[in-house]
Amino acid sequence: MGTFTKRTHTCGELRASDTGKTVTLNGWVQVRRDLGGVIFIDLRDRYGKTQVVFNPGRNPGAHSIAEGLRSEYVVSVTGLVERRPQGTENPDLQTGEIDIMVERVEVLSKAETPPFQIEEEIDAGEDLRLKYRYLDLRRPPLQEALLMRHQVYQIVHSYFDSLGFIEIETPILMKSTPEGARDYLVPSRIHRGKFYALPQSPQTYKQILMVAGFDRYVQIVKCFRDEDLRADRQPEFTQIDLEMSFVDEEEIWGVVEGLLAEVFREVKGLTIPLPLPRMTYREAMETYGSDKPDVRFGLALTCVNDLVRECGFRVFSDVVTSGGVVAGFVVPGAAGFTRNQMDTLVDYTKSLGAGGLVYCRWTEKGIETAVEKFLGKGLVESIARRMGAVQGDLILLVSDTWRKAYTILGTLRLEMARRQRLIDESLVKLLWVTEFPMFEYDEAEKRYVAMHHPFTSPNPPDADRLETAPDSVRARAYDLVLNGNELAGGSIRIHDSVMQQRVFSLLGIGEQEAKEKFGFLLGAFKYGAPPHGGIAFGFDRLIMLLTGARSIREVMAFPKTASAISLMDDSPGEVDERQLRDLHIRIV
RNA sequence: GGGGCCGUAGCUCAAUUGGUUAGAGUACCAGAUUGUCGAUCUGGAAGUUGCGGGUUCGAGUCCCGUCGGCCUCGCCA
């Protein structure tokens with residue numbers, strides 16, 4: 001008990017050149033193939049697999065132990081590396097030229113039959129895989145994802161270190177702030193009725209670090225947001241967070257582009273052409289219907305407002321008159337969609353919040369559309385021409401307010417691209433989206449909210465209009481977009497306490513509240529704040545895109561489900577009365 | 001909070017309009033088998049059809065509720 005024969009090699013490293021050595025391997029039994037006489041076992045660790053052979057003629061003791069081995073037993077085997085007999089080599093295995101002829105075998109740990117097989121590809125349900133995460137993590141795809149994640153950590157650390165960035169940890173227990181995502185709260189035992197919040201991001205701390213003079217800060221840091229989840233969103237996730245002083249957008253973008261180029265070169269062997277293309281928010285919305293456009297495919301949007309302004313179809317003309325948008329896009333070769341398929345598409349569009357979907361099928365019989373009687377044949381043809389449609393195409397049109405029309409078209413554009421298989425998954429399309437609006441009007445709260453965050457600097461030429469025309473004020477904010485995913489977002493910050501106060505008051509954060517919630521930041525700004533800005537990467541998302549995983553859960557060791565539950569350890573869990581009492585909390 | 005899909009053997013799935021004893025593949029167990037590597041052959045065991053209620057002579061199938069998983073809209077500064 002307690003001692004075992006330690007490995008001399010891993011299960012992935014022995015080659016024909018090692019023939020004749022006596023070696024010891026430690027690992028898991030992948031599979032046992034019992035041919036009655038000879039028994040084969042594939043021994044697995046994270047480095048690979050090696051076939052070990054038990055021959056009753058050569059070592060009856062080891063052979064009889066091998067009869068009792070089962071999948072996922074942990075064993076130590078010692079034996080001679082031999083070249084496999086001619087014709088029995090396995091080219092699929094890196095170690096496929098050799099066998100270990102076992103002289104001695106120790107069972108280090110037995111294993112129950114696992115609920116699913118530990119193989120490269122499995123079709124087990126994801127809930128089962130999450131419950132037995134320690135088994136799922138034995139599978140090569142997950143091991144490779146976490147290995148790549150590790151490699152990117154190392155690149156990030158060395159890249160920023162080489163540029164003079166300093167890694168500084170910021171608190172996990174901080175103060176709840178009123179803006180942004182819902183906070184995860186931690187009740188204070190010592191201070192009855194008070195709560196810490198887990199950071200949505202270390203935003204305020206890194207700005208304070210700039211005031212403190214650490215002009216280049218970076219951190220790979222956990223962040224927490226108590227919002228509903230998605231395939232690419234988890235309640236806790238990791239950011240590469242950075243902030244720089246005495247810089248403008250160009251320098252930050254340069255640093256970020258350099259990092260991306262290095263990551264893609266090191267882990268994918270890809271050269272990213274720099275500088276990355278840039279697109280304004282407005283252009284992104286009006287061309288792709290998204291502030292994170294996927295530019296791997298076309299289906300660009302076209303506005304036809306001028307054509308339909310005076311038309312007899314009220315659904316179009318009224319929208320234009322009231323400042324909205326009639327726009328759409330062409331799906332090449334989709335004129336053959338059936339009535340049934342179109343009905344489904346119309347329903348889908350309505351489920352996105354649209355009043356309806358106007359479509360025109362350009363078949364060999366001409367352009368067919370239900371709205372021809374309202375628009376007239378000539379106008380229908382004008383629209384088709386404007387949009388660049390040809391025979392065989394399907395035209396989709398939506399009319400609504402600027403934001404709704406483009407947002408709905410953006411979602412529809414993605415959906416059609418998927419259905420028509422227009423997305424080349426091998427492409428890597430990165431771009432900057434710039435000139436975001438400073439504010440969005442929140443209908444539910446009847447007030448303006450910061451589109452990025454309340455510390456974002458307004459575009460200097462627009463700053464005069466902060467109070468008079470807040471809708472028209474652009475922010476010095478920028479997002480980095482990869483294949484339609486928001487990969488990073490940042491801004492040049494406000495470093496002036498007067499400007500910061502103006503923005504707070506526009507957001508409906510009164511002087512009193514500002515002092516309570518952000519007094520420390522405003523205070524810091526009074527003592528000499530350098531101009532500064534920064535950005536934060538969604539680290540998990542980056543790894544997800546690098547590995548081609550279709551969910552962020554595939555690149556995290558211990559993810560939660562869409563309902564924020566960890567099926568393995570069953571968190572969140574209940575706590576006992578005593579703990580609640582200590583925290584001055586009662587369940588209602 | 002809304003919408004959609006799903007839940008049957010350890011696992012992945014099947015089961016006509018509600019109708020006999022709920023099947024298959026795989027995994028598992030036993031036997032056979034001395035060069036397999038998705039081993040093979042023979043046999044076996046394996047089910048609270050997520051859970052609770054209802055309708056019915058009869059429910060895996062229909063209805064209501066509930067739990068869980070995935071996707072998505074809102075939300076996510």
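Scope of the values below: all heavy atoms of this structure, side chains included, with no hydrogens, waters or symmetry mates.
A pairwise comparison of heavy atoms in A:Val81 and A:Asp18 identifies CB-O, 3.5 Å as the closest pair.
Within the 4.0 angstrom heavy-atom criterion, only backbone atoms of the sugar-phosphate kind lie near A:Glu126; the bases stay farther away. Base contact: A:Thr88 has a heavy atom under 4.0 Å from a base atom. Across all strands, A:Ser201 comes closer than 4.0 Å to base atoms (heavy-atom distances). A:Leu128 comes within contact range of the sugar-phosphate backbone alone, with a heavy-atom separation under 4.0 Å but no base atom that close. Across all strands shown, A:Arg553 has heavy atoms under 4.0 Å from sugar-phosphate atoms exclusively, and none from any base. If you check every strand for non-hydrogen atoms under 4.0 Å, A:Asp34 touches a base. Nucleic acid contact class of A:Pro454 (heavy atoms, under 4.0 Å, all strands): base. Nucleic acid contact class of A:Glu89 (heavy atoms, under 4.0 Å, all strands): base.
The aromatic ring of A:Phe40 sits over the base of B:rU36, with ring centres less than 5.5 Å apart and planes tilted by under 30°.
For A:Asp228, the side-chain atoms get nearest to B:rC75 when compared with the rest of B:rU34, B:rC75, B:rC76. Among the nucleotides B:rC11, B:rU26, B:rG74, the one closest to any side-chain atom of A:Thr407 is B:rG74. Proximity note for A:Val31 (side chain, C-beta onward) versus B:rC73, B:rU12, B:rA39: the nearest is B:rA39. Here B:rC76 is the nucleotide among B:rC76, B:rG10, B:rC70 with the atom lying nearest to any side-chain atom of A:Arg233. Between B:rG68, B:rC70, B:rU36, one nucleotide has an atom nearer to the side chain of A:Leu567 than all others, and that is B:rG68. Proximity note for A:Glu227 (side chain, C-beta onward) versus B:rG74, B:rC76, B:rG35: the nearest is B:rC76.
Remark: A:Arg138 fails to qualify as a cation-pi partner of A:Tyr132 under the 6.0 Å distance and 45° angle criteria applied to the six-membered ring.
For A:Arg230 against B:rG74, a side-chain N or O and a base N or O form a donor-acceptor pair under 3.5 Å. One donor-acceptor pair, N or O on each side, does fall under 3.5 Å between the base of B:rC37 and the side chain of A:Arg84. Side-chain atoms of A:Asp99 come within donor-acceptor range of the base of B:rG35, with a qualifying N/O pair under 3.5 Å. With hydrogens and angles left out, the side chain of A:Gln51 and the base of B:rU36 share a donor-acceptor pair within 3.5 Å.
Across all strands shown, B:rC70 pairs with B:rG4; the Watson-Crick or G-U wobble distances both stay below 3.5 Å.
Ring centroids of A:Trp253 and A:Tyr478 are separated by less than 6.0 Å, placing the two rings close together.
Inspection of the A:Tyr217 and A:Gln219 side chains reveals an N or O donor paired with an N or O acceptor under 3.5 Å. Side chains of A:Arg465 and A:Ser472: a donor on one and an acceptor on the other come within 3.5 Å.
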